[in-house]
Protein chains: 2
Amino acid sequence: MSSHGALPLYLQISELLIRDIAAGRLIDGERLPPEREMAAGLGIAVGTLRQALKTLTDKGLVERIQGSGNYIRAKADPTSVYALLRIELLSGGGLPTARVLSVDRLPKDPTLPEFGRSAEGHRIRRLRFLSGTVAAVEEIWLDGALVGRIGPEDLSESLYLFYRQRLNLWIARAEDRVGLGPLPDWAPSDFPHAQGTPLPKITRTTWGQDGQSVEASFTWYDPDRVAYVARLK
Amino acid sequence: MSSHGALPLYLQISELLIRDIAAGRLIDGERLPPEREMAAGLGIAVGTLRQALKTLTDKGLVERIQGSGNYIRAKADPTSVYALLRIELLSGGGLPTARVLSVDRLPKDPTLPEFGRSAEGHRIRRLRFLSGTVAAVEEIWLDGALVGRIGPEDLSESLYLFYRQRLNLWIARAEDRVGLGPLPDWAPSDFPHAQGTPLPKITRTTWGQDGQSVEASFTWYDPDRVAYVARLK
DNA sequence: TCGCCAATTGATATATGATTGATCTACATG
DNA sequence: CATGTAGATCAATCATATATCAATTGGCGA
């Protein structure tokens with residue numbers, strides 16, 4: 001079951017929570033669910049969750065009060081390396097939303113980067129917005145072995161939230177490569193560039209908690225409105 | 001496996017791992033596969049692998065925890081800050097070198113991002129190579145308050161080595177933005193694109209340990225040969 | 001407002017099985 | 001003698017499961 005590169009489960013969980021705190025999904029002062037409930041939700045044993053929480057209290061990110069609960073004691077870090085959303089408006093930031101263009105289960109295209117074990121994948125095409133302005137078109141391939149079917153209704157929330165809650169899958173590692181690529185012909189007409197125009201293109205490969213690569217995605221973004229941003233601290 | 005005159009096998013293996021760590025293929029905190037599995041993968045005996053790992057723990061690059069695993073513990077080296085955000089050959093990696101085109105002390109251009117306190121800056125223009133192939137042209141602005149004069153002879157080594165050794169300057173934070181920009185007219189003729197061609201353009205701002213931004217740089221790279229790579233963990 | 005009780009919730013302890021590094025012995029090679 | 005391989009065994013860690021104790025919280029009645 002285990003494979004190369006996979007951290008111990010309790011460390012995976014603590015990394016996951018650290019990322020949620022940094023990304024602002026867990027807010028300062030917030031009380032976490034009871035340990036038993038939270039462990040069940042994550043599909044792990046309570047003892048394992050407690051080890052993860054222990055590492056967070058050692059880092060000062062969580063306060064644990066017997067009989068009361070576990071509380072977040074840290075603020076979101078807007079410059080977090082762990083913010084997986086990496087395109088921003090030129091003016092900075094922007095609230096991300098998306099319109100799903102299509103969801104299909106297809107045999108994997110041989111031009112895709114190597115990922116997952118299944119011969120099939122789910123292809124999701126989205127138009128992405130930042131604070132309402134058209135920012136990018138995106139094609140995501142999710143390994144077919146993870147889930148039988150995905151409907152557009154599954155994708156109303158954040159994709160990573162969907163991965164975690166429905167697929168019990170969380171992203172442990174990712175690699176982005178930024179190059180140049182022609183805007184694909186399925187780009188909708190409200191994207192402000194002509195099909196075939198060379199645009200900055202992000203190719204992302206992501207790995208799950210067990211070290212298996214599970215997702216590949218391509219993002220063509222509008223350089224007049226957004227930029228790919230990487231911060232390091 | 002070994003051949004005459006070559007290094008002992010266990011040293012070959014440790015050198016191999018050191019290169020993987022330096023190249024960012026093995027990330028800080030990552031757990032290596034179990035020794036038995038890893039040795040089988042490398043086609044060597046466990047004892048030999050253990051000798052190799054021993055030399056790495058002596059160098060402080062790996063921590064070995066009984067019952068848990070072997071973990072990468074990359075040294076905190078300011079140059080390693082940049083190992084994760086960089087341009088790489090499409091085939092992966094590449095040995096970076098550079099040819100300095102010009103070094104000047106000039107008043108700051110008002111189009112520059114805000115950085116430093118001085119009204120003047122050092123402008124360094126370089127042609128960058130990866131494993132000998134032309135990869136990018138780069139313009140770096142270093143704040144004028146940090147040093148009076150910079151000559152091309154100062155820049156033979158890594159720039160960040162120069163910063164640290166000569167300027168006692170410690171890079172604590174950096175931000176990259178990747179967009180699109182026309183190749184400037186000072187790009188040398190051996191760069192394989194015409195001046196004015198829209199190319200991926202990296203705008204980097206770096207901050208020193210005191211929170212002051214000290215450097216701004218622009219890099220135009222050839223998307224046919226290299227890509228900007230960001231690895232997230 | 002105060003005190004009490006029951007429910008909630010974290011803390012602690014123990015046990016078990018699997019994983020994984022540590023150690024040791026033996027042997028072959030050059 | 002250092003290197004490399006092979007195998008057996010020991011010890012630490014990881015993850016799970018279960019039970020019990022202790023602190024907090026909230027509701028209820030006087």
Side-chain angles (χ1 to χ4, degrees), chain A residues 1-18 21 26 29-74 164 168-170 172 208-212, chain B residues 1-17 21 26 29-73:
Chain A
M1 174 61 174
S2 72
S3 67
H4 34 283
L7 291 172
L9 186 52
Y10 78 99
L11 284 180
Q12 296 176 31
I13 299 292
S14 68
E15 293 288 330
L16 173 73
L17 293 173
I18 287 173
I21 292 170
L26 293 174
E30 179 169 338
R31 190 178 76 165
L32 296 173
E35 293 182 346
R36 297 159 175 80
E37 191 178 312
M38 192 172 169
L42 289 166
I44 61 172
V46 179
T48 307
L49 174 62
R50 288 181 55 77
Q51 283 186 75
L53 292 172
K54 173 72 163 56
T55 70
L56 294 181
T57 55
D58 292 345
K59 292 181 200 293
L61 296 172
V62 163
E63 185 179 356
R64 322 187 61 199
I65 303 175
Q66 181 176 158
S68 177
N70 294 306
Y71 297 85
I72 303 294
R73 291 286 179 260
R164 173 135 50 98
N168 206 29
L169 162 72
W170 52 87
Q209 67 274 26
D210 59 355
Q212 277 281 331
Chain B
M1 175 83 193
S2 68
S3 60
H4 58 282
L7 286 173
L9 185 52
Y10 75 98
L11 285 179
Q12 294 179 36
I13 299 293
S14 69
E15 291 297 324
L16 175 72
L17 293 173
I21 293 170
L26 293 175
E30 181 166 335
R31 188 176 71 168
L32 295 172
E35 292 183 347
R36 297 161 175 78
E37 192 178 311
M38 192 172 170
L42 290 166
I44 61 173
V46 179
T48 308
L49 173 62
R50 287 180 57 77
Q51 286 185 72
L53 292 172
K54 174 71 164 57
T55 71
L56 294 181
T57 55
D58 293 345
K59 293 182 201 294
L61 293 172
V62 164
E63 185 180 355
R64 321 188 63 202
I65 303 176
Q66 180 176 162
S68 178
N70 293 306
Y71 296 84
I72 302 295
R73 293 284 182 261

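Because only heavy atoms are used, hydrogens play no part in the values below, and waters and symmetry mates are left out as well, while side chains stay in.
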Phosphate contact (C/dT9 OP1 or OP2) by A/Arg36 side-chain N/O below 4.0 Å: no

d(CD, A/Glu35; P, C/dT12) in whole Å: 11 Å

B/Glu37 side, atom CD; B/Leu32 side, atom CG - distance, nearest 0.5 Å: 11.0 Å

Nucleotide nearest A/Arg64 (side chain, heavy atoms from C-beta), chosen from D/dA15, C/dA11, C/dA22: C/dA11

Closest to the A/Gln66 side chain, choosing from D/dT5, D/dC14, D/dA22: D/dA22

Main-chain N/O of B/Tyr71 paired to B/Glu63 side chain as donor or acceptor, under 3.5 Å: no

C/dA11 OP1/OP2 closer than 4.0 Å to side-chain N/O of A/Arg50: yes

5' precedence on DNA chain D between A/Gly67 and A/Ile44 (nearest-nucleotide basis): A/Ile44

Distance in angstrom units between B/Leu9 CG and D/dA6 P, rounded: 12 Å

Gap between atoms CG and P, on A/Leu32 and C/dG10 respectively (whole Å): 9 Å

A/Glu37 CD to C/dA7 C1', straight-line distance once rounded to whole Å: 14 Å

Under 4.0 angstrom between A/Asn70 side-chain N/O and C/dG10 OP1 or OP2: yes

Rounded distance (Å) that lies between atom C1' of C/dG10 and atom CG of A/Leu53: 10 Å

A/Thr48 vs A/Arg31, nearer the 5' end of DNA chain D by closest nucleotide: A/Thr48

Euclidean distance, atom OH of residue B/Tyr71 to atom C1' of D/dT13 [Å, nearest integer]: 9 Å

Distance-minimising heavy-atom pair for A/Ser68 and A/Arg31: O-NH1, 3.0 Å

Between CD1 on residue A/Ile21 and CD on residue A/Glu30, distance to nearest 0.5 Å: 9.5 Å

Short side-chain N/O contact to D/dA15 OP1/OP2 from A/Tyr10, under 4.0 Å: no

Spacing of B/Gln51 atom CD relative to D/dT3 atom C1', expressed in whole Å: 7 Å

Heavy-atom closest pair, residues A/Thr48 and A/Tyr10: O-CB, 3.7 Å

Distance in angstrom units between A/Gln12 CD and D/dT13 P, rounded: 19 Å

